[in-house]
Amino acid sequence: MANSLDLGKYQLGWADVEDYVFKPKKGISEEIVREMSAMKKEPTWMREFRLRALANFFKRPMAPWFAVNMPDLDFSDIYYYIKPTDKQVNAWDQLPDSVKSTYEKLGIPEAERKYLAGVTAQYESEVVYHRNRKELEDQGVLFCDMDSALRDYPDLVRQYFGTVIPPNDNKFAALNSAVWSGGSFIYVPPGVKVEMPLQAYFRINAENMGQFERTLIIADEGSQVHYIEGCSAPVYTTDSLHSAVVELIAKPGARITYTTIQNWSTNVYNLVTKRARAEAEARVEWIDGNIGSRLTMKYPAVYLVGPKASGEVLSVAYAGAGQHQDAGAKMVHAAPETTSTIVSKSISKDGGISTYRGLVHVDEGAKGAKSYVRCDALLLDDHSISETKPYMEVSERDASIGHEATVSRVGEDQLFYLMTRGLSEPQAMSLIVNGFIEPVTRTLPMEYAVEWSRLIELQMDGSIG
Amino acid sequence: MKEMLLEVENLHVEADGAKILKGLDLKIAPGELHVIMGPNGAGKSTLANALMSNPAYAITEGTVRFKGEDVTLWTPDTKAKAGMFLAFQYPEEISGVSVVQFLRQAISARKGIDVSALEVRFALMEWMDRLGMDPVFAERHLNAGFSGGEKKRNEILQMALLEPDLALLDETDSGLDIDALRTVADGVAEVRGERPEMGVLLITHYNRILSYLEPDFVHIAIGGKIVESGKADLALALERSGYEKWRTN
């Protein structure tokens, strides 16, 4: 592959020297799962959960429409668990220097000072740094890494873990359930509104290393929380697999917003299962930005199980040279008067492929259900591709479903107009692209919106003929 | 003799394979207001686009000099940074980008420094006030959903803020009712008052805007060439007799 091009594209990428305490062999087996569970000192039920999931993973074929996108994926050529430091630290200063410098490059300390109510930073497979602000603790909000949650809040975890996405849901959910490590756990008590977004950063830092984080968020009745995960990854020479599972539970009247900025380097397979359960009058919003990875397949879902629950997915995908963004959403209306909105914006450039794949499902009896889907694709040249695959399964007559889709190209006239105002061609292109995704970026906190426009500018720069 | 701002010599331009300009000559000195009039198909808009290097218009012969430099092959952004400006007949709509956000980038490009958002906002507020524009305009998406008059006023606003040395106004007066026309003409006069050295080339189909702006020179373009040049009274003669006289030449 063209290394110089990749380096140019990933100016935010870097690789630190690996300094790991434990580094097992590649590949996966029952033995590795048992060993991992034992090292983590997990309760028996979790070990059994992992082993059942592993059996499922072995047994289950990959869905054909998944497999077609990654003919060269080799499950035996991946590390499934790497532990970077012996145990957790709870103060920034105690982190090893190499880990600390990684996060300084990501801007965590500064961001934390300004915005964060708490940080969970995942380095490799396990969370190594996390601290809750006092106000969160005072409100009774639980926010920690998933491994600690299993130890410290065993009953809560056992009650909800794997209830939204069962381990046999799909091959990658099964894999994650077997080898998960790290991720975040949040519990918000009834009526509590968490004002500031909670955030976590994830990176993969070992070649051929899988990352299988597991996140579980429970917003109890009438509570509110906004969680943000941002990714940036170093440049690699061989493929990496990232396969997370994220489960959200919004109890009656609760509201959860989950924002993702995904910027893996272009050798990463990013196969993520994200699903929420929204109970009566609850609201769940997935804001999902995919700018990196070689292949992303991700369809955040909301199961609207209580009357008047609502769900929204706002997604932006950028596919450049050698990239395929296969993203979308899934809305399941299982109760009356539930509403859903899906807005998808995709950009394809330099031969990149963007696919919108979405499903709106309305159960019989979900009277008065409403759904609106809008997909806009922007093509920046003639050899890039956009595909739209909307699926509707409506079993209730008294439901209203709307769908709109557009495909457009950046016009020569628009570029000329902006260039007569002194903007270079890449600047003009960036402005048009940023304008195109504005309906999504305006929902982001300022800091992220700025980072997004900068990422778009980096993608537009230099490679325009 | 003053140094010329713009010198166009023997300009030949093709668009969509058709020869449109066939040896056009034009000279504009600093501070002068020139008007080019002509019937449809005379090549008026082609001239504006070619002067600004629109890639859809190919210059096949001739030269364009700006402030003494041969700029014939310069890109549009280079020309803009050097001080050339084109007010479009049909300004493009850019959704999702606010007027203030766009102007910050444009002004920064023109000045060659990163202008602060606050500085842009102050300058913008001042000029919107002088041009009689509603302040909410700054937050709207660039030309998206603007009325014809709003788009033209927005072009004049950009001209004011980008402080060009030469402004090309391509049928800026077309499609406007009399109030909007007057506002646009006043805007041009306002900017000229601020920048007396700025040269203006006004391309128009009608002479009604000339009731509000006094040209130094009037040129008549027919068949891709300037066929006659004169003072303001040429426009009056044209109004009386039409283009027929020059067509038969």
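Between the side chains of B:T75 and B:S53, no donor N or O sits under 3.5 Å from an acceptor N or O. No side-chain donor from either of B:D77 and A:S424 sits under 3.5 Å from a side-chain acceptor of the other. Using modelled atom types and a 3.5 Å distance limit, the side chains of A:Y258 and A:E229 yield a donor-acceptor pair.
We find that B:E155 and A:R421 are joined by a salt bridge, their nearest charged nitrogen and carboxylate oxygen being less than 4.0 Å apart. Between A:R409 and A:D382, at least one side-chain N (NZ, or NE/NH1/NH2) sits under 4.0 Å from a carboxylate O, which counts as a salt bridge.
Counting heavy-atom pairs under 4.5 Å between each of B:S108, B:A56, B:P55, B:P91 and chain A puts B:P91 at the top. Per-residue heavy-atom pair counts under 4.5 Å with chain A were compared for B:V97, B:L103, B:N49, and the maximum is reached by B:V97. Options A:T420, A:T441, A:N434 differ in how many heavy-atom pairs under 4.5 Å they form with chain B, and the most are formed by A:T420.
Looking at A:Q414, both its backbone and its side chain come within 4.5 Å of chain B, counting heavy atoms on both sides. Looking at B:T78, neither its backbone nor its side chain comes within 4.5 Å of chain A, counting heavy atoms on both sides. Interface residue B:Q158: only side-chain heavy atoms are found under 4.5 Å from chain A. Only the backbone of A:F436 comes within less than 4.5 Å of a heavy atom in chain B; its side chain stays farther off. Using a 4.5 Å cut-off between heavy atoms, B:I107 does not touch chain A at all. B:P164 does not touch chain A: none of its heavy atoms, backbone or side chain, sits under 4.5 Å away.
Annotation: side chain of B:N143 is not in contact with side chain of B:F102 (no heavy-atom distance under 4.5 Å).
By the 30° and 60° cut-offs, the orientation of the rings of B:F88 relative to A:Y417 is perpendicular.
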